[in-house]
2 protein chains.
Amino acid sequence: MPEVSRKHDVFQAIADPTRRKLLRLLVNEEMPVNSITEHFPMSRTAVSKHLHVLSDAGLVKERKVGRETHYSLQPEPLQEVKQWVSYYERFWENKLSVLKNYIETEDKDSGESN
Amino acid sequence: MPEVSRKHDVFQAIADPTRRKLLRLLVNEEMPVNSITEHFPMSRTAVSKHLHVLSDAGLVKERKVGRETHYSLQPEPLQEVKQWVSYYERFWENKLSVLKNYIETEDKDSGESN
DNA sequence: TTGACACGAAACCAAATGGTGTTATATAAT
DNA sequence: ATTATATAACACCATTTGGTTTCGTGTCAA
């Protein structure tokens with residue numbers, strides 16, 4: 001049931017700074033489009049479009065409340081990103097340990113600091 | 001030297017599937033453009049462009065070897081992504097624990113149909 | 001019921017993106 | 001010295017993206 005048939009990729013969704021800011025904003029509370037728009041220097045329609053991209057990626061949820069549409073964060077798809085990044089983690093960690101090793105070797109026997 | 005004055009954002013760099021595949025390919029070995037191109041259904045020029053985007057984001061390093069240009073992975077900028085995602089981690093974890101709680105509660109008087 | 005409001009949809013536009021082929025240049029091989 | 005090769009740089013094109021304004025519709029309030 002997961003990220004199949006999603007029109008927008010999670011990676012693509014979070015590529016835009018405005019959309020990242022949107023997610024950050026919706027962390028705490030569900031918000032209607034107009035209130036959301038107040039936080040951005042662009043039209044309501046533009047914000048709405050970004051929200052739709054996020055929605056397509058499964059990162060926000062819409063709820064109709066009277067004539068308003070409330071959006072809220074749906075963080076689960078970010079797990080895919082976390083997983084993807086974690087694959088590369090060992091490589092920079094490895095580099096760190098190589099560097100550490102190098103420093104320690106340079107340091108010779110002048111005392112192993114942590 | 002951090003991500004200041006980088007022409008391309010890390011988030012934007014990893015948004016493209018081709019570029020993610022490129023990173024994956026360069027994990028193990030430094031490679032010249034021609035060899036890299038063999039793995040992709042597009043022209044060498046196109047691959048080269050993607051490599052430049054990655055380079056702008058600091059995700060790959062170029063090394064001139066005779067008339068060849070070798071590219072290799074430079075994973076460090078991904079730390080920014082990891083950090084960004086980790087902020088949201090607690091939210092899906094929280095949801096999980098809420099769900100767990102719910103299930104356990106339901107379980108108590110387990111008469112619930114459906 | 002009339003009007004104001006919140007929103008989505010559509011038409012439109014400029015700029016960025018992802019691709020192409022061509023050309024120029026430095027290096028390698030003969 | 002000449003030729004072949006690897007690549008960057010360039011010019012170009014189609015599509016996508018991020019934004020706009022306008023318009024229609026459903027909902028709330030008077």
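The structure presented is a predicted model; accordingly, all values stated were derived computationally and were not measured. We name chains A, B, ... by the order of the sequence lines, and we start the count at 1 in each one.
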Side-chain N or O of [X] versus OP1/OP2 of [N]: is the shortest distance under 4.0 Å?
| X | N | value |
| --- | --- | --- |
| B:Thr69 | D:dA8 | yes |
| A:Gln12 | D:dT17 | yes |
| B:Tyr71 | D:dA8 | yes |
| B:Arg19 | C:dG18 | yes |
| A:Asn34 | C:dC5 | no |

Which of the following nucleotides, [options], is nearest to the side chain of [X]?
| X | options | value |
| --- | --- | --- |
| A:Arg67 | D:dG18, C:dA6, C:dG8 | C:dA6 |
| B:Lys49 | C:dC5, D:dC12, D:dT7 | D:dC12 |
| B:His50 | C:dG8, C:dA10, C:dG19 | C:dG19 |
| A:Met42 | D:dA9, C:dG8, D:dG19 | D:dG19 |
| A:Thr45 | D:dT21, C:dG19, C:dG21 | D:dT21 |

Rounded to whole Å, how long is the line connecting atom [atom1] of [X] with atom [atom2] of [N]?
| X | N | atom1 | atom2 | answer |
| --- | --- | --- | --- | --- |
| A:Asp16 | C:dA15 | CG | P | 18 Å |
| B:Leu51 | C:dG19 | CG | P | 12 Å |
| B:His52 | D:dC10 | NE2 | C1' | 12 Å |
| B:Arg44 | D:dA6 | CZ | C1' | 7 Å |
| B:His70 | D:dA8 | NE2 | P | 11 Å |
| A:Arg63 | C:dC7 | CZ | C1' | 16 Å |
| A:Lys64 | C:dA6 | NZ | C1' | 9 Å |
| B:Asp9 | C:dT17 | CG | P | 11 Å |

So [X], base contact, sugar-phosphate only, or nothing? Heavy-atom distance under 4.0 Å.
| X | answer |
| --- | --- |
| B:Ser43 | base |
| A:Phe40 | nothing |
| B:Ser48 | sugar-phosphate |

Minimum side-chain heavy-atom gap A:Lys64-A:Thr69 below 4.5 Å = yes
Please examine the side chains of B:Ser72 and B:Leu26, heavy atoms only from C-beta on, and report whether any two atoms are closer than 4.5 Å.
-> no
Does NZ in B:Lys21 sit with more than 12 non-hydrogen atoms of other residues, nucleotides or ligands closer than 6.0 Å?
-> yes
Inter-residue atom distance B:Gln79.CD - B:Ser86.OG, 0.5 Å rounding | 11.5 Å
N/O donor-acceptor pair under 3.5 Å between A:Arg20 side chain and A:Ala15 backbone = yes
Is the charged tip of B:Arg90 near the ring of B:Tyr88: under 6.0 Å from the six-membered ring centre and within 45° of its axis?
-> no
